[in-house]
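See structure below.
Below, all heavy atoms of this structure are taken into account, side chains as well, without hydrogens, waters or symmetry copies. Counting from 1, the numbers follow the sequence of the chain as shown. In each ligand, atom 1 is the first atom listed, and ligand 1 is the first ligand listed.
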Amino acid sequence: MVREAPLAMAAGLSRAAALRWARQSIDRLDARRLLQHVTGCSAADLLAYAEVPLSDEAVHAFKALVARRQQGEPVAYLTGVAGFYGDLLQVSPAVLVPRPETEALVRWALTVLDGCPAPRVADLGTGSGAIGLALAGARPDAVVLAVDVSPEALAVATRNRDRLTRHNVTLHCASWFEGTPAEPAFDLVVSNPPYINAADPHLAGDGVRFEPKVALTDGGDGLSAYTAIVAQAMPRLKPGGWLLVEHGHDQAESVAARWRAAGLVNVESRQDLSGNPRMTAGQKPGADRGA
Ligand code: GLN
């Protein structure tokens with residue numbers, strides 16, 4: 001069998017040839033998104049005008065991005081954007097790249113808010129703003145407080161809020177609810193906190209090792225955020241309000257136990273797209289509001 005020689009990357013190469021070259025070392029969808037970024041073309045244009053030659057600058061830029069992706073940098077950091085719940089968000093290494101699993105958390109949050117007029121929502125550890133901005137977009141009558149402990153992350157969330165003109169979102173730099181009055185003001189507290197065990201090899205994995213540690217792990221067993229969040233959320237939830245979080249695939253029991261111990265009722269866990277229990281909700285007793 002004759003082995004094909006590796007494709008070479010040179011000036012004058014067509015878009016299609018550049019993609020073939022890149023696919024030798026990185027995922028083909030990643031390659032396509034990077035080439036879209038470099039050329040400013042849509043995916044449809046890349047297909048329709050596949051034989052257009054790349055300029056020297058484009059070749060140079062594409063090669064550099066492919067090399068960085070090959071080293072594990074997430075595409076979203078290389079292009080500076082990520083899609084989430086229909087929004088195009090700016091992202092940087094100061095924030096976690098929003099995950100498709102977390103869109104399921106948004107969907108659940110919206111069903112919880114069904115029938116609740118002008119809800120008050122807190123998104124704790126908002127990062128890029130993904131969850132809070134999605135809820136604010138789907139529910140323009142909501143008033144959303146988006147909190148993050150990292151000023152760099154909050155700057156990204158603020159830019160996203162302003163670009164998406166979600167004026168119903170207020171941003172606040174704090175650790176969870178610190179500095180927010182301990183009054184029962186919220187109909188929903190939602191969070192995708194750092195939940196990975198510090199010893200989990202996943203932290204060194206493709207893409208993940210470039211993401212902010214503070215957004216991924218508590219430095220311990222990955223459960224301390226839930227202890228802190230439920231303690232701080234209880235006095236701030238209205239009777240009938242909900243606490244809803246994302247968690248690790250093996251943490252549903254531990255999270256549910258904390259919710260029950262704090263006095264939340266109607267505690268329920270749901271699965272993500274891969275069938276892992278990925279999120280848990282509980283309701284503060286005392287008002288006649290269904291799930
Ligand atoms: N789901 C993310 C991952 O597996 C972790 C998100 C988080 O810690 N909040 O990489």
Side-chain angles (χ1 to χ4, degrees), residues 27 29-30 69 71-78 82-85 89 91-109 121-135 146-150 152-154 156-157 160 174-177 188-230 232-233 243-256 258-259 269-281:
D27 172 80
L29 278 182
D30 288 355
R69 178 69 199 98
Q71 293 305 307
E73 276 187 74
V75 172
Y77 291 165
L78 299 175
F84 183 80
Y85 208 78
L89 298 171
V91 294
S92 80
V95 300
L96 209 66
V97 178
R99 312 279 203 268
E101 294 92 294
T102 308
E103 294 180 333
L105 192 73
V106 170
R107 279 192 289 276
W108 193 1
V121 176
D123 172 16
L124 302 182
T126 195
S128 62
I131 298 171
L133 292 169
L135 293 174
V147 178
D148 207 285
V149 73
S150 151
E152 293 79 20
L154 214 65
V156 174
N160 282 322
S175 171
W176 312 132
F177 269 130
L188 170 68
V189 175
V190 64
S191 181
N192 175 17
Y195 57 69
I196 301 177
N197 187 309
D200 191 329
H202 176 69
L203 287 171
D206 182 38
V208 182
R209 67 177 180 275
F210 287 87
E211 295 186 289
K213 286 287 168 290
V214 66
L216 291 164
T217 178
D218 59 359
D221 65 1
L223 289 164
S224 65
Y226 302 110
T227 309
I229 286 172
V230 72
Q232 297 184 25
L243 176 59
L244 169 58
V245 294
E246 181 174 317
H247 49 69
H249 64 95
D250 54 358
Q251 292 172 330
E253 277 310 309
S254 307
V255 172
R258 281 165 173 76
W259 272 207
S269 299
R270 292 192 185 172
Q271 298 181 342
D272 63 16
L273 304 165
S274 344
N276 294 308
R278 178 63 64 185
M279 47 204 160
T280 293

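Between Asn192 and ligand 1, a contact under 3.5 Å exists for at least one N or O pair. For ligand 1, one of its N or O atoms has an N or O atom of His202 under 3.5 Å away. Distances between N or O atoms of Val208 and those of ligand 1 include no value under 3.5 Å. Inclusion of Arg278 in the set of residues having an N or O under 3.5 Å from an N or O of ligand 1 is not warranted.
Counting heavy atoms from C-beta outward, Tyr226 and Pro193 have side chains that approach closer than 4.5 Å. Side-chain contact between Phe84 and Val106 is present, with at least one heavy-atom pair separated by less than 4.5 Å. Side-chain contact between Leu135 and Asp123 is absent, with no heavy-atom pair separated by less than 4.5 Å. At a threshold of 4.5 Å between non-hydrogen side-chain atoms, the residues Pro98 and Ser128 count as touching. A 4.5 Å side-chain heavy-atom check between Arg278 and His249 finds at least one atom pair inside the cut-off.
Those atoms of ligand 1 with a heavy atom of Pro193 less than 4.0 angstrom away are 7 (C), 8 (O), 9 (N). Close approach to Leu96 involves these atoms of ligand 1, each under 4.0 Å from a residue heavy atom: 6 (C).
We find the CG-CH2 distance between Leu188 and Trp108 to be 11.0 Å, quoted to the nearest 0.5 Å. How far OG1 of Thr217 is from OH of Tyr195: 11.5 Å, rounded to the nearest 0.5 Å. Separating the CZ atom in Arg69 from the CG atom in Asp30 is a distance of 4.5 Å, to the nearest 0.5 Å.
Summary of contacts: the protein heavy atom closest to atom 1 (N) of ligand 1 is Tyr195 OH, 2.8 Å. When hydrogens are left out, the protein atom nearest atom 10 (O) of ligand 1 is Arg99 NH2, 2.6 Å; that is the closest non-hydrogen contact.
Closest heavy-atom approach to atom 8 (O) of ligand 1 among the candidates Val97, Leu216, Val245: Leu216.
For the pair Glu246 and ligand 1, a heavy-atom separation below 4.0 Å is found. Ligand 1 has Ala215 within reach: a non-hydrogen atom of the residue lies less than 4.0 Å from it.
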